[in-house]
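Shown next, in structure tokens, is the structure this report addresses.
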Amino acid sequence: MQFDIQSSFEPTGDQPNAITALSQGIRDGLKNQVLLGVTGSGKTFTIANVIKELQMPTLIISHNKTLAGQLFQEFRDFFPQNAVSYFVSYYDYYQPEAYMPATDTYIEKEAEINEAIDKLRLQSTSNILSRKDVIVIASVSCIYNIGSPSEYQKFRHHMKVGDVVDWKQLAVRLTGLLYERSEFDFKRGTFRLRGNHMDIHIPYEDFAVRIEEELGKIKRILKIDTLTGKRIEGTHDEQDMVIYPAKLYLTDPEVIKPAEKRIREDLAKEYEGLKKRGKLMEGERLLRKVNYDLEMLKEVGYVNGIENYSSYFDGRKPGDPPYSLLDYFKLAYGDDFLVCIDESHMTVPQIRGMYNGDRSRKKTLIDYGFRLNSALDNRPLQFDEFYKMPPHLVYISATPDEWETGQSDGHVVEQLIRPTGIIDPQIEVRPSTTEIPDLIKELEIQAKRGEKTLVTTLTKKTAEDLTEYLENKDIRAAYLHSDIHTLERSDVLDNLRKGEFDVLIGINLLREGLDLPEVTLVAILDADKEGFLRSRTSLIQSMGRASRNVDGRVILYADKITDSMKAAMDEISRRREYQKKYNKEHNIDPKTIFKPIREKIVDTPEESDMAHDKLQRDFKLTGLDTIDPSAMTAVDSKKLIKKLEREMKKYADEMDFEAAIMIRNKVRKLKDLG
């Protein structure tokens, strides 16, 4: 199927030139290009049009899971008929295996993950291996080891109408693909036999497949509703179907024996090594752990933490790069795919740092006998390994770093025009010695006009004290800090837009993705204190938050002009001149963005936890809060668990993972009581 954008918008401003330049650069074989797009210029829409123009499978990497979720939703809206997938880590469901020697605390890997996320991960890999019209939105977790794509592809099962079918053989085959037979609890990754048909609950889809048999052959293949078992309306019979494995990690029975031999050889060496160093307890621990894992592998072909032995099954040598999502793209498309790095000034450094952080955690596990040295080969890609793989890279940022621009060798495509015609804000520098009295005067004027202000400080203490001080001056202010729950953070921002307060104060609240058209002033305190929060990049990003309103302006409080300040102001000035000239030439009258305010996530009483109250509200709607779990029968408990699990899936589908986690925890307690 071809990539086809469904949108009422047409490229405008700099977008047509950006689309043409990026597309041509990729056709010319360029490895690196930069899309320098100001806040609000429609960078996502530009990339969507590049994908459509090139008809090229694409991986888009974001440094932030929330932003990745937003991108997934946007691209899914742009390409509703195409395979837009979402590949991220397990969110808060995932706890990596770790050991803390100081407190002798071993933390086991969290194996229970959100089903919706697991489905989307599996959907990504199966889409890549079966389709050409694929867009995957991923977090940086896409550089982690997920097993060999050729092994994963080898295990798929293809069936078509007219094939001879034997239910016993098919059941054995599905079991080999890590599906489970379950006649009563029909859930993801299970199958059941009913007379002349078998139902398979595909783990990476929202539907199940029914295989109907007649005279020993497949008569029909159809999609059914997983709950009712009825055919899904509007679907047609399938002529053939490919069933992919229920998990990313599988082991070929033929590989297990030679792999086991190598594992036992390494176990003997490392066990003796620990004993020689006087680590008898660690040696015994390693012996028990590995022997248990090997027994599980022989019995069921899978064990929790199997990825730590992946180098043995993949045939990789110590130090060889792991197989990541990029290897799936390579296997499926060769050199005919695109990788876009969103907010590259943040994402590229994150990719660089993943390897060392992972290695440090694994090294501790190895030193204390929890893992073999081979666990080090279950790792993220090093940056050089990552960089070699994509045939084409587009770095997307309003403030690309020198590394990206240097790699692009001058192929920097600028997108400085906003569809609304709004130009970058005016900038004024005022003395920091009188910043608080001056700021208060400005805030009073802003409040009388009904306009909103963002204030950024350097420390948490300053932000807290300033908020309290302003409130004592009868200025309605709120403080947004890192400890605030994600759900509550979103509601605080909405409350600013609704006029419940006038000033929002924080340290790094002016981050990418913040969209507040009511804000007309951004005040940056201590702007001359060089550092990460007052670098050229941070200043430009912060000042860009005032570019959603035609009256947007920025005040920098500083006693001197630092190099970072000068560079940031020069860049904003350059953009303003370009934007004003464009507006004049095209007779554009800038208009403030009017963005509808979504309904509040939760209606919460003051000083309550918003995520908890959201959950309690929904419990009241379903009557679940009136049930005493300790007074329930086993049947009632099972029904309640199923109901809660449906609620959990609903929240996960809405990207509301905090509420989903709370439900997951309640489900666990119910299961423990049972």
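Given the structure is predicted, the values throughout are model-derived calculations rather than measurements. Atom set for the values below is all heavy atoms of this structure, side chains included, hydrogens, waters and symmetry mates excluded. Positions are given from 1, in the same order as the sequence printed here.
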Non-hydrogen side-chain atoms of [X] and [Y] separated by less than 4.5 Å:
| X | Y | answer |
| --- | --- | --- |
| L525 | L458 | no |
| R352 | W403 | yes |
| Y469 | I440 | yes |
| V503 | I505 | yes |
| E442 | T453 | no |
| L556 | I427 | yes |
| F383 | V348 | yes |
| I436 | L466 | yes |

Checking R575, Q579, R418 against S547 for side-chain hydrogen bond (donor to acceptor under 3.5 Å, both in side chains), the one that qualifies is R418
[X], [atom1] atom: more than 12 neighbouring heavy atoms under 6.0 Å:
| X | atom1 | result |
| --- | --- | --- |
| N472 | CG | yes |
| E585 | CD | yes |
| E414 | CD | yes |
| E10 | CD | no |
| K473 | NZ | no |

Do any N or O atoms from the side chain of [X] and from the backbone of [Y] form a donor-acceptor pair under 3.5 angstrom?
| X | Y | result |
| --- | --- | --- |
| S41 | V38 | yes |
| S85 | V136 | no |
| R361 | G357 | no |
| N583 | I588 | no |
| T46 | G42 | yes |
| S538 | F532 | yes |
| E404 | Y395 | no |
| S573 | M569 | no |
| T347 | H63 | yes |
| R430 | E435 | no |

Using a strict 4.0 Å threshold on nitrogen-to-oxygen distance, state whether [X] and [Y] make a salt bridge.
| X | Y | value |
| --- | --- | --- |
| K566 | D570 | yes |
| E451 | R553 | no |
| K461 | E464 | no |
| K448 | E444 | no |

[X] side chain to [Y] side chain, donor-acceptor N/O pair below 3.5 angstrom:
| X | Y | result |
| --- | --- | --- |
| Q446 | D502 | no |
| S535 | T537 | no |
| D438 | Y557 | yes |

Would you please classify the geometry between the F79 ring and the F75 ring as parallel, tilted or perpendicular, with 30° and 60° separating the classes?
->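 The rings of F75 and F79 lie parallel, inter-plane angle below 30°.
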Would you give the length of the straight line joining atom [atom1] of [X] to atom [atom2] of [Y], rounded to the nearest 0.5 angstrom?
| X | Y | atom1 | atom2 | value |
| --- | --- | --- | --- | --- |
| F87 | I60 | CZ | CD1 | 15.0 Å |
| E530 | M565 | CD | CE | 9.5 Å |
| E468 | Y479 | CD | OH | 12.5 Å |

From CA spacing to verdict: side-chain hydrogen bond (donor to acceptor under 3.5 Å, both in side chains), T562, D528 | CA-CA 6 Å; T562 64; D528 54 357; over 6 Å; no
Taking all heavy atoms of I47 and all of C340, pick out the closest pair and write down the distance.
->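 Looking at all heavy atoms of both residues, the shortest contact is CG2-SG, 3.9 Å.
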Taking all heavy atoms of S7 and all of F45, pick out the closest pair and write down the distance.
->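 Heavy atoms of S7 and F45 come nearest at OG-CE1, 4.0 Å.
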Just jot down the salt bridge (Lys or Arg N to Asp or Glu O under 4.0 Å) partners of K441, sequence neighbours excluded, or say none.
->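 For K441, no residue satisfies salt bridge (Lys or Arg N to Asp or Glu O under 4.0 Å) once neighbours in sequence are set aside.
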